[in-house]
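The next block holds one structure in the form of structure tokens; read it before the comments.
Residue numbering restarts at 1 for every chain, and letters A, B, ... go by the order of the sequence lines. Just so you know, these numbers use all the heavy atoms, side chains as well, and skip hydrogens, waters and symmetry mates.
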2 protein chains.
Amino acid sequence: MDVNKDLPRAARAQDVAKAAGVSTATVSRAVNSPDKVAPAVRDRVLAAAAALGWLPHAAGSALARKRTSIAGVVIPTLGQEVFATQVGAMQAAFAEHDITLLIGCSNYDPDQAAQQVRTMLTRGVDALAVLGQIPKPGLFEVVQARRVPYVITYGSAPDGGHPCVGFDNAAAFHTITRHLLDLGHKVVGMILQPTLHNERIVARLAGVRGALAEEGLGLRPQHLCEGEYGIQAGRKGLRHVLNADGPRPSAIICSNDLLAIGALLEAQTMGLTVPQDLSITGFDDISIAAELDPALTTMKADNAEIGRLAAGYLVSRLQGNATPSEVLIPPILINRSTTAQPRKRS
Amino acid sequence: MDVNKDLPRAARAQDVAKAAGVSTATVSRAVNSPDKVAPAVRDRVLAAAAALGWLPHAAGSALARKRTSIAGVVIPTLGQEVFATQVGAMQAAFAEHDITLLIGCSNYDPDQAAQQVRTMLTRGVDALAVLGQIPKPGLFEVVQARRVPYVITYGSAPDGGHPCVGFDNAAAFHTITRHLLDLGHKVVGMILQPTLHNERIVARLAGVRGALAEEGLGLRPQHLCEGEYGIQAGRKGLRHVLNADGPRPSAIICSNDLLAIGALLEAQTMGLTVPQDLSITGFDDISIAAELDPALTTMKADNAEIGRLAAGYLVSRLQGNATPSEVLIPPILINRSTTAQPRKRS
DNA sequence: TTGTACGCGTTATCAA
DNA sequence: TTGATAACGCGTACAA
């Protein structure tokens, strides 16, 4: 009873043309510019296409049109809420223009990122987004050589030279440091995810240092802990920073929310009361941040908006429009309950 | 309008052929079957290709080869750790065979899922994975008609008829219910994410009911709360279930970890001690589950393994091998600290 | 409004 | 081992 076994292969435009008694040109027109085809003929073609289960094959189409209607995005990993949000928004924005989004992961490895970019160019992407600054020099040269519009997202490109949609990581961490300084904190620690191959994190550290320096303060080496990414790293980082020599920090800045959650949990394990004994800040405002007790003070970048803007920029480039090459969304401070004035010195 | 002034266009195989003094056929061979080309000629071709920045265009290749080396996967959303893990593993597994993975999101909407499947077929995917059972009838008919190997992942297909790699949701929730029954719980509540268009959740409910029935017990309607997905829904669900009429449940089964986290937080807000006053279970073992205090008792399905197996199945189908059509991974109980014997009745 | 005919970039067949 | 040539499926001038 399997009718499928009879069919030698998928239907082509020619099969539809034959069934509808027209030429392949008319089949193409009926699908791509319906207004250029007589209504009666159009209906006949579409009916035949439906009957045969014909779907135009993108490879043939791409070859003839000289564009694939595929856009690519290279991200570090799918396993992070902020990246997933951004990619989801990009996908939706591109879909409105019938552009399919191809997603590639670099796993934070510049070589894999370069490989992904090459794969995407081979796939003939019409446009390309790369999430985060990739330090690999020359990564975009081959992209530029092919005249493929591209954009860097999530980070910023202070050195210029590349169009980007994102936010200023240094400014964001300046803001959150300023928040702590305004509360009266004098001794601040910081827990960082790996800075290797990740300019965004380097910028965050620089933002903290810059804000502290404005008050004549600095980050003691023993109060700076760079470790892995995640809750366990946050726990470990907090122990490291609080057990260090010298004056104990009254506030801990974490480079992301997961580290901050780890630090918060570890502080509670150590018997500290947050925020009275210790202020803690995160970054990203992942969904669980608001649900903790106490709720996490953090910063939020509108990642969906970044994704939409990046896709919009690329689409307008594809349409031949010149648009501003650098768009920065200001992240906003989400002032919840893990920050407060430091205890008075005894 | 036309920005392309300096460079006429991207290099083609013909340009490389001319530069290397060979034919396009040899260029193709040098890249795809190097052993069939004299070493000296091969080096000359590859050098010319590198010099010209030539990358073979996948559209032309797809047309000639009659396959695209693209596989597709349709998932509900990127924003969930379990799905992201599975897709990441699939992507890595396919990459080993030089197959690019195209990711589409259905947003839990059967119509969008069907649309994504059609998009993928238009893109000429060689194989297709769909995460979760899609109730839309006929979804796979068009896939079958094109002889495209496909597999359902994450869920199971008890009705049969479709190859799948996943786990038995009903059996998993039978297991976790059994765990609670063995601890002595008699009154159990359940908090569910939406069951609409999600057969996996329906199966989870059935698993709970089945295990309870074996002890002559049942799930009172007022102890069953179906709401949204997420921590807030878990909080709301717990209040709903605990404030209902009749005997108060001593254990709450949640259909996923986020709901369980919400229930746990809300229980603590209400002044209850978990697990002494109330046992709570989740499902998925997301990364934060182990970090909570108390750590969440939950179940873990090896999603990376599911992704690998699904990709492996499709690859072997593409290679013409017949393989078992249904693979079920048994999820394992992660017995942490949110479950215990119920308090003695006073 | 519709059909003819060619080209898009690559691979496979076949002959040399 | 290499080259000439014919597909692959579609879109689009151009002609009718």
Between CD of B:Gln14 and C1' of C:dT11 the distance, given in whole Å, is 14 Å
Practice task
Kindly indicate, with the supporting measurements, whether the criterion salt bridge (charged side-chain N to carboxylate O under 4.0 Å, His left out) is fulfilled by A:Arg12 and A:Asp15.
Solution key: CA-CA 5 Å; A:Arg12 299 158 303 168; A:Asp15 302 322; 3.3 Å; yes
Here the gap from A:Asn303 atom CG to A:Tyr154 atom OH, rounded to the nearest 0.5 Å, amounts to 5.5 Å
Between CG of A:Asp35 and P of C:dT2 the distance, given in whole Å, is 12 Å
Touch check for B:Val22, heavy atoms < 4.0 angstrom, all strands: base, sugar-phosphate only, or nothing?
-> sugar-phosphate
A:Leu55 atom CG is separated from D:dG9 atom C1', nearest whole Å, by 13 Å
For nucleotides 12-16 of chain C, print each protein N/O atom paired with a nucleotide N/O atom at under 3.5 Å, atom names and distance only.
none

Is there a side-chain contact between A:Phe83 and A:Thr77 in this structure, where contact means two heavy atoms from C-beta onward sitting under 4.5 Å apart? yes
| task | Carefully, step by step, assess A:Met90 and A:Ile103 under the rule side chain to side chain contact (heavy atoms under 4.5 Å, CB included). | result | CA-CA 10 Å; A:Met90 288 186 63; A:Ile103 303 166; over 6 Å; no
Whole-Å distance, B:Arg12 CZ to C:dC8 C1', equals 9 Å
Within the 4.0 Å heavy-atom criterion, would you say A:Val27 contacts the bases, only the backbone, or no part of the nucleic acid? nothing
When rounded to whole Å, the NE2 to C1' distance for the pair A:His57 and D:dG11 reads 15 Å
Open item on the list: If you count every heavy atom of other residues, nucleotides or ligands that lies below 6.0 Å from B:Arg67 atom CZ, does the total exceed 12?
Closed with: no
Checking C:dG3, D:dT1, C:dT10 against the side chain of A:Thr26 (C-beta onward), the nearest is C:dG3
One should read off an interatomic distance between B:Thr24 OG1 and B:Arg29 CZ, to the nearest 0.5 angstrom, of 9.0 Å
B:Leu121 CG to D:dG9 P, in whole Å, measures 15 Å
Practice prompt. Verify the contact: side-chain N or O of A:Ser61 to OP1 or OP2 of D:dG11, cut-off strictly under 4.0 Å; return yes or no.
Written response: yes
When rounded to whole Å, the NZ to C1' distance for the pair B:Lys18 and C:dG9 reads 14 Å
Separation of C:dC8 atom P from A:Leu63 atom CG, nearest Å, is 9 Å
From the candidates D:dC10, C:dT2, D:dT2, the one with an atom nearest any side-chain atom of A:Ala13 is D:dC10
Rounded to the nearest 0.5 Å, the CD atom of B:Glu305 sits from the CD atom of B:Gln86 at a distance of 11.0 Å
Assert: residue with more 5' nearest nucleotide on DNA chain D, out of A:Trp54 and B:Lys36, is B:Lys36
